[in-house]
2 protein chains.
Amino acid sequence: MFETIFKALGEPTRLKIIKLLSIKELCVCDLEEIMQISQPRISQHLKVLKYAGLVNERKEGQRSICSLNKVLLNNTMDEFQEYIDKPLEEIPELAGEHSRIPCIDGEACKRKLGTNCKIE
Amino acid sequence: MFETIFKALGEPTRLKIIKLLSIKELCVCDLEEIMQISQPRISQHLKVLKYAGLVNERKEGQRSICSLNKVLLNNTMDEFQEYIDKPLEEIPELAGEHSRIPCIDGEACKRKLGTNCKIE
DNA sequence: TAATGATATAAGCATATACTTATAAATATA
DNA sequence: TATATTTATAAGTATATGCTTATATCATTA
């Protein structure tokens, strides 16, 4: 989820779209004119942003009006800071990694799992 | 700069490295053991993270000890929220886009630059 | 000095990504 | 109904990315 959002943000065209939508909601052809790039290019990037949840869209006739999900964006930034400060044991996805951390405490590198580190 | 950092964060292996380094500094072979993945894979991802400034490294003998740049990480999350709230005219890189925004104010889409929108 | 250990880098490969042009689909208008 | 307009999607292509295996580099130790 962090991954999807950061990946969506890690591209210059999409960052620009995000910033423009922070000013006001815009339809695809607005973005096309403001950014001076092709319509399919806008559409394709919007697809990524919508998939990540960062952009919402509303249909108005033939136009699709896009708006920035500022709440998600701000929450993500806050929650990622919390995630970084969270103890490893509270992150189920990293249970395996957590169980292997004690093995390297203050030790030199030359030790293989199963020798001086037993996982039970 | 946001782009580089978000791109570095938008990948699962690197996200995991970041989280592990948030617990304590680790050398490459520590990460290799904890994450159970190949050494070149770690090295290559660390290169991306170091380039983004998210990971610092210190040489200790033959080992290179990696640590998380928490300050940069937290500042980035905060500054991105500020960036999103900042008026467009304060962002020099988007001067062109800013100059084209008035054209679309409350207007329908069917207008081409140079007709009802003059940029001076 | 030879052997070992830790890390970086190179080469090769498969997949993903960002773009272009062309076209489809859907709504609006003449 | 035919044409415009807006958006989405498909196909093709070039480049980027993430991985593997193999090797190079450099520090350590025997």
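Cation-pi geometry between A:K7 and B:F6 is not met: the NZ or CZ atom fails to fall both under 6.0 Å from the ring centre and inside 45° of the normal.
In this structure, A:R58 pairs ionically with A:E60, as a charged nitrogen and a carboxylate oxygen lie closer than 4.0 Å. Comment: B:E33 does not engage A:R100 in a salt bridge, judged by the lack of any side-chain N to carboxylate O separation of less than 4.0 angstrom.
By the rule that hydrophobic residues join a cluster once side-chain heavy atoms approach within less than 4.5 Å of another member, B:I91 and A:L26 end up as members of one cluster.
Residue-level contact check: B:E57 touches the backbone only, with heavy atoms under 4.0 Å from sugar-phosphate atoms and none from bases.
The separation between B:L26 atom CG and C:dA6 atom C1' is 15 Å, rounded to whole Å. The distance from atom CZ of A:R58 to atom P of D:dT6 is 16 Å, rounded to the nearest whole Å. Rounded to a whole Å, the NZ atom of B:K59 is 8 Å from the C1' atom of D:dC26. The separation between B:F6 atom CZ and C:dT17 atom C1' is 19 Å, rounded to whole Å. Rounding to whole angstrom units, CD1 of residue B:I37 and P of C:dT7 are separated by 14 Å. Rounded to whole Å, atom C1' of D:dG18 lies 12 Å from atom CD of A:E3. Atom pair A:M35:CE and C:dA18:C1' shows a separation of 13 Å (rounding to whole Å applied). The interatomic distance linking B:Q62 (CD) with C:dA6 (P) rounds to 6 Å, in whole Å.
Judged by distance alone, the side chain of A:K70 and the main-chain N or O of B:I84 form no donor-acceptor pair under 3.5 Å.
Across all strands shown, D:dA4 remains unpaired; no Watson-Crick or G-U wobble contact has both distances below 3.5 Å.
Closest contact between the side chain of A:C27 and the listed nucleotides C:dT17, C:dT7, D:dT7 involves D:dT7.
In terms of phosphate contacts, B:R63 brings no side-chain nitrogen or oxygen within less than 4.0 Å of OP1 or OP2 of D:dT28. Close to C:dT17, at under 4.0 Å from its OP1 or OP2, lies no side-chain N or O of A:T13.
Looking only at atom types and distance, the side chain of B:T13 has no donor-acceptor partner in the side chain of B:K16 under 3.5 Å away.
With its glycosidic angle within 90° of 0, D:dA4 is assigned syn.
Rounded to the nearest 0.5 angstrom, B:L49 CG and B:N69 CG are separated by 11.0 Å.
Residue-to-nucleotide proximity on DNA chain C shows that, of B:I65 and A:E11, the 5′-proximal contact is made by B:I65.
Near DNA chain D, meaning a heavy atom under 4.0 Å away, the residues from residues 39-54 of chain B are B:P40, B:R41, B:Q44, B:H45.
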